[in-house]
Protein chains: 2
Amino acid sequence: MTQTSKRPPRQRCCEPLGSVLSPRLFKALCDPNRVAILARLAESCGPSTVSQVAECCPVNLSVVSRHLAQLRDAGILHAEKRGKEVHYSIRAEELVSTLRAIADAIERCCAGADQAAKKRGAP
Amino acid sequence: MTQTSKRPPRQRCCEPLGSVLSPRLFKALCDPNRVAILARLAESCGPSTVSQVAECCPVNLSVVSRHLAQLRDAGILHAEKRGKEVHYSIRAEELVSTLRAIADAIERCCAGADQAAKKRGAP
DNA sequence: CTCATATTTGCATCATGACGCAAACGAGCA
DNA sequence: TGCTCGTTTGCGTCATGATGCAAATATGAG
């Protein structure tokens, strides 16, 4: 038996987190080079081309191109083709509100957990 | 030549993001099972044991144990041994403020980028 | 059209990580 | 002490992903 009966097995004190806590965002950001690319894009003023971004990490240009495409597919970056170049920029508003939504959801969930803990501790 | 000379190569419009944008957090959260574990811990009221957490994902208990240790090492979870059991809980305050710090830093950076873009566009 | 530059893609290789199983470890209990 | 339960760890396997190189594609210039 893996489940002790001391505690209700699946009590929930808040909205489900699965909707905001998407692995897609974290999966896109789990590679150090992609994080460096994101930082590079945030710190540079305005959009950058693939070649410019490639300066930030010591990998092949084609790898940077793939990383950028991955971040774009995850909804983190915006890509705009201008002539021969592709200009990548951060979808800052979306990213920021996603991060804040996650933070808010966790805060709400665990505030509820604290309340429940107090209720259990001193009823 | 990979660097065009049209644009200053490394203009920076904000504080560096490397300090807040640590790959460690994202690396810990890039696995779907770990995200599910985090959601499970957030939604349950108060700490849970390894066996309880293991209900949320269809993998071996030992794997869940490893995932929990990984999240703990990343500073996301808190572990407390009580007798034979280990109770894991989310370090909610730290996690929430980390996420908000990232959001704030990106927002500041890209607000600066917008200003710089406007300045470049209509000087 | 031909060429040069910027980017993407196909492919092979290699490292990392997730997983399951079994054994080990630690704590309570008879 | 011996036993059981909960958890962790060692180890081998397998899948996934990052990388580099070369070829393909796209676009602008001459």
Side-chain angles (χ1 to χ4, degrees), chain A residues 1-7 9 23-38 40-41 44 46-74 76-89, chain B residues 1-7 9 23-38 40-41 44 46-74 76-89:
Chain A
M1 189 194 304
T2 53
Q3 168 64 19
T4 323
S5 50
K6 293 179 220 164
R7 194 184 311 272
R24 185 162 140 268
L25 172 71
F26 298 114
K27 220 172 171 58
L29 258 39
C30 74
D31 182 76
N33 282 327
R34 281 198 290 272
V35 174
I37 287 171
L38 186 67
R40 167 67 171 79
L41 277 169
S44 73
S48 303
T49 68
V50 179
S51 305
Q52 286 171 342
V53 174
E55 298 163 14
C56 77
C57 38
V59 294
N60 193 278
L61 180 68
S62 68
V63 175
V64 174
S65 171
R66 256 185 274 253
H67 281 321
L68 285 167
Q70 220 167 329
L71 290 166
R72 165 174 48 81
D73 293 344
I76 296 173
L77 300 185
H78 170 74
E80 187 187 355
K81 186 153 195 171
R82 297 188 207 163
K84 287 185 287 192
E85 302 171 334
V86 178
H87 291 246
Y88 283 93
S89 53
Chain B
M1 192 195 301
T2 54
Q3 168 62 21
T4 322
S5 49
K6 291 180 219 163
R7 194 185 313 270
R24 184 162 139 267
L25 172 70
F26 298 113
K27 222 172 169 57
L29 258 39
C30 73
D31 182 76
N33 282 327
R34 281 197 291 272
V35 174
I37 286 171
L38 186 67
R40 166 68 171 79
L41 277 170
S44 74
S48 303
T49 68
V50 179
S51 306
Q52 287 170 341
V53 174
E55 298 163 13
C56 77
C57 37
V59 294
N60 194 278
L61 180 68
S62 67
V63 175
V64 174
S65 171
R66 256 186 273 254
H67 281 321
L68 286 167
Q70 218 166 330
L71 290 165
R72 165 175 48 78
D73 293 343
I76 297 173
L77 299 186
H78 171 74
E80 187 187 357
K81 186 151 194 171
R82 298 187 206 162
K84 287 185 284 193
E85 302 172 335
V86 178
H87 291 246
Y88 282 93
S89 53

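Atom set for the values below is all heavy atoms of this structure, side chains included, hydrogens, waters and symmetry mates excluded. Here is how names work: the chains are called A, B, and so on, in the same order as the sequence lines, proteins then strands, and each is numbered from 1.
Look at CD on Glu85(B): it is 12 Å from P on dC29(C), rounded to the nearest Å. To the nearest angstrom, C1' of dG17(C) lies 16 Å from CG of Leu29(B). In this structure, CD of Glu55(A) is placed 12 Å from P of dA6(C), rounded to the nearest angstrom. For Gln52(B) and dC5(D), the CD to P distance is 17 Å, given to the nearest whole Å. Rounding to whole angstrom units, CZ of residue Phe26(A) and P of dG17(C) are separated by 18 Å. When the C1' atom of dT8(C) is taken as reference, atom NE2 of His87(A) falls 16 Å away, rounded to whole Å.
The side chain to side chain donor-acceptor pair (under 3.5 Å) check on Ser65(A) picks up nothing, with sequence neighbours excluded. Applying the side-chain contact (heavy atoms from CB on, under 4.5 Å) rule to Ala79(A) yields the partners Arg72(A), Val86(A), Tyr88(A); only residues at least two apart in sequence or on another chain are considered. Applying the side chain to side chain donor-acceptor pair (under 3.5 Å) rule to Asn60(B) yields the partners Ser62(B); only residues at least two apart in sequence or on another chain are considered. For Asn33(A), the side chain to side chain donor-acceptor pair (under 3.5 Å) test picks out no residue, with sequence neighbours left out. Here Ser89(A) pairs with nothing under the side chain to side chain donor-acceptor pair (under 3.5 Å) rule; sequence neighbours left out.
Inter-residue side-chain proximity for Gln52(B) and Ser44(B) is flagged as unmet; no heavy-atom pair is nearer than 4.5 Å.
Leu41(A) contributes atom CG, which lies 6.5 Å from atom CG of Leu68(A) (distance to the nearest 0.5 angstrom).
Each of Arg82(B), His87(B), Lys81(B) was checked for a side-chain hydrogen bond (donor to acceptor under 3.5 Å, both in side chains) with Glu85(B), and the lone residue meeting it is His87(B).
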Seminar exercise, completed: For nucleotides 24-30 of chain D, 5' to 3', base contacts (B), sugar-phosphate-only contacts (S) and non-contacts (-) with protein non-hydrogen atoms under 4.0 Å give --SBS--
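Distances shown here put a side-chain N or O of Tyr88(B) below 4.0 Å from the OP1 or OP2 atom of dT8(D). Distances shown here put a side-chain N or O of Ser51(A) below 4.0 Å from the OP1 or OP2 atom of dT7(C).
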Pick out the pairs of N or O atoms, protein on one side and nucleotides 18-20 of chain D on the other, that lie under 3.5 Å.
residue	atom	partner	partner atom	Å
dA18(D)	OP1	Arg34(A)	NH1	3.1
dA18(D)	OP1	Arg34(A)	NH2	2.6
dT19(D)	OP1	Asn33(A)	ND2	2.5
dT19(D)	OP2	His67(A)	NE2	2.5
dG20(D)	OP2	Asn60(A)	N	2.5
dG20(D)	O6	Arg66(A)	NH2	2.8

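When atom types are taken as modelled, the side chain of Arg24(B) and the backbone of Ala74(B) share a donor-acceptor pair closer than 3.5 angstrom.
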